[in-house]
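The structure appears right after this line, and notes come after that.
We're numbering straight along the sequence, starting at 1.
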Amino acid sequence: MMQEDRKGLSEQEYDVLIIGGGITGAGAARDAAMRGLKTLMVDMNDLAFGTSSRSSKLVHGGLRYLEHAEFALVFESVSERRILMKIAPHLVRAQGFLFPVFSDSRRSLLEINIGMWLYDGLSLFRSPKMHKSLSKKKLKKQEPSLRQEDLKGAPQYYDCATDDARLTLESALDAVAHGATVATYVKVLGFVKNEQNRIAGVRVLDRFTGEEKEIRARAVVNATGPWSDRLRGLKGEEIKKRLRPTKGIHIVVPTEKLSLNNAIVCFHPEDGRVLFAIPWGDRTYIGTTDTDYQSDPGDVAASGEDVRYLINVSNHYFPTAHLEEGDVISTWAGVRPWVADENSDDESAVSREHVLKIESDGLITSAGGKLTTYRKMGAEVVDKAIEYLRAIDRLPGNIRNANTAQEALPGAIGWPENGLADIMHQIQTDAGEVLKSDTIQLLAETYGVRGKDVGEMAKRDASLQERLNPERPEIMAQVKYAVEKELAKTIRDVLIRRTQVFFRETEQGLNCLDRVAEEMAALLNWDEAKKQEEIEAYKEEVERSRRWRDE
């Protein structure tokens, strides 16, 4: 069983301590471990608890950055997109996008097509597929629900869709495979400083045992995303805030109400904001909003106004869908850790670039950035940590290169020639007599080559073949696998981030909650009180997702 050595955390000194188990922290931990640094990553919640599981789930080149002539940013993004498709093909997959142009669009069809050629060019013409222009007639055939009134046509281009939580998870698991330690539900209470007034570690609380301890580290990284200013505030001194957080929400609806073959780029008819309607298997999700947010990032939720905003844009672009509030299965809300633009006189201006700084006491803070470039950001964080360790003469002598752009993530190690088709065939061969085809497909697409392990687990134990919902493909083996192999410690970890039952299932997992709780209680030795506590905690998450209904 994969478990962290929580008891041993205070018994050694780490080269690098990374606070924050989101996508940036996981990328940095993987890079640091590959370089041979003794690495620890902690998070006060689960991996990908915050923004890293609440994004638009896209790995994209930043097409809209072209409008601001940010060519370097686009080139970096399309380059990283290509790398992620290579090292995680099961998680980062090509997705067609349509950019519909209407009579009143702010850019003409010609201008958009020129932009598409530039976009393909910046990717060195190695996009998943080259763009093409679709006529109104072809659009009606491909996307019959798209509004036809005043429609001129649409370029079709390709970026990638991903499972953001699992991309974070697999990066963390690969960090562990290369020697890192990952400890979730470990909350930082404060910093420990040495005689030179440099940060030399942290005081933490184990949220499961209630135990407090000190962890020593030569370099400490703040990769807590929207919590980064709050963490910096634990130093006991006045700080200048760097973030301007904003909230973004998404809604999930059944494909029976809105069926799409491509992701559709939409401009809200009221404020012109760019949004997406994205096909998601038997669901479609729409987002995102963008509003200032100063409250607790852990309690962020969609409001009724947010949901209605997205329903309005959906019905504008897809008038035959007639979406209503009752069609919304679930919502998710995340906080973007935008960095205030210090070069602008506008207090509301933010930078699209991430910021990486070594503070006077040695704390290394990474803020901002985006999902697509997480691997490169992680490498830059470790470069900065090595720079700091060298400056204080604490750099270990065994540093080597990290091959994060070449080495596959766990689900893609030994990727077969025919990709998912070969993996599905293997699972079918090994466990096809006990698993249905939709479950086999789910295991391949979710776990990649590791899907065979989940299938074999189900084959050995008939109780693990049970579906969480008779109408859906998820099975109990995924619960056991999440606990034993994927660092899951709560029902929320399993149903929200290791699977997507919370978002996709019509009851958001409430109808399988007791059975999942029983399985996890047996695996993790919960008593009845702990089991009930976990059940109630999950119900609170569902309530937060549905809070908008009461407004």
Judged by modelled atom types alone, do [X] and [Y] share a side-chain donor-acceptor pair under 3.5 Å?
X      : Y      : value
Ser56  : His250 : yes
Arg147 : His316 : yes
Arg283 : Ser330 : no
Tyr309 : Glu270 : no
Tyr374 : Ser171 : yes
Arg336 : Thr246 : yes

Please round to the nearest 0.5 Å and tell me the distance separating atom [atom1] of [X] and atom [atom2] of [Y].
X      : Y      : atom1 : atom2 : result
Ile423 : Ile440 : CD1   : CD1   : 13.0 Å
Ile329 : Lys257 : CD1   : NZ    : 11.5 Å
Leu275 : Tyr317 : CG    : OH    : 8.5 Å
Arg207 : Asn45  : CZ    : CG    : 5.0 Å

Salt bridge between [X] and [Y], side-chain N to carboxylate O under 4.0 Å?
X      : Y      : value
Arg450 : Glu486 : yes
Glu541 : Arg544 : yes
Arg308 : Glu305 : no
Asp159 : Arg81  : yes

Would Val516 and Leu468 count as a side chain to side chain contact (heavy atoms under 4.5 Å, CB included) if you check the C-alpha gap in whole Å, the side-chain angles of each, and the deciding distance to 0.1 Å?
-> CA-CA 8 Å; Val516 172; Leu468 301 186; 4.1 Å; yes
For atom NE2 of His425, decide whether the heavy atoms of other residues, nucleotides or ligands shown that lie under 6.0 angstrom number more than 12.
->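 It does not: His425 NE2 has 12 such atoms or fewer within range.
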Could you check if a side-chain atom of Leu58 sits within less than 4.5 angstrom of a side-chain atom of Ile278, using non-hydrogen atoms only?
->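 Counting from C-beta outward, Leu58 and Ile278 do come under 4.5 Å.
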Do the rings of Tyr157 and Phe97 sit parallel, tilted or perpendicular, given the 30° and 60° boundaries?
->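 Aromatic pair Tyr157/Phe97 classed parallel.
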Chi angles and distances behind the ring pair (Phe, Tyr, Trp, His ring centres under 6.0 Å) call for Phe267, Phe99 | CA-CA 10 Å; Phe267 290 87; Phe99 199 122; 5.7 Å; yes
Face-on cation placement of Lys57 at Phe503 ring, 6.0 Å and 45° thresholds =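 Yes, cation above the ring, under 6.0 Å and within 45°.
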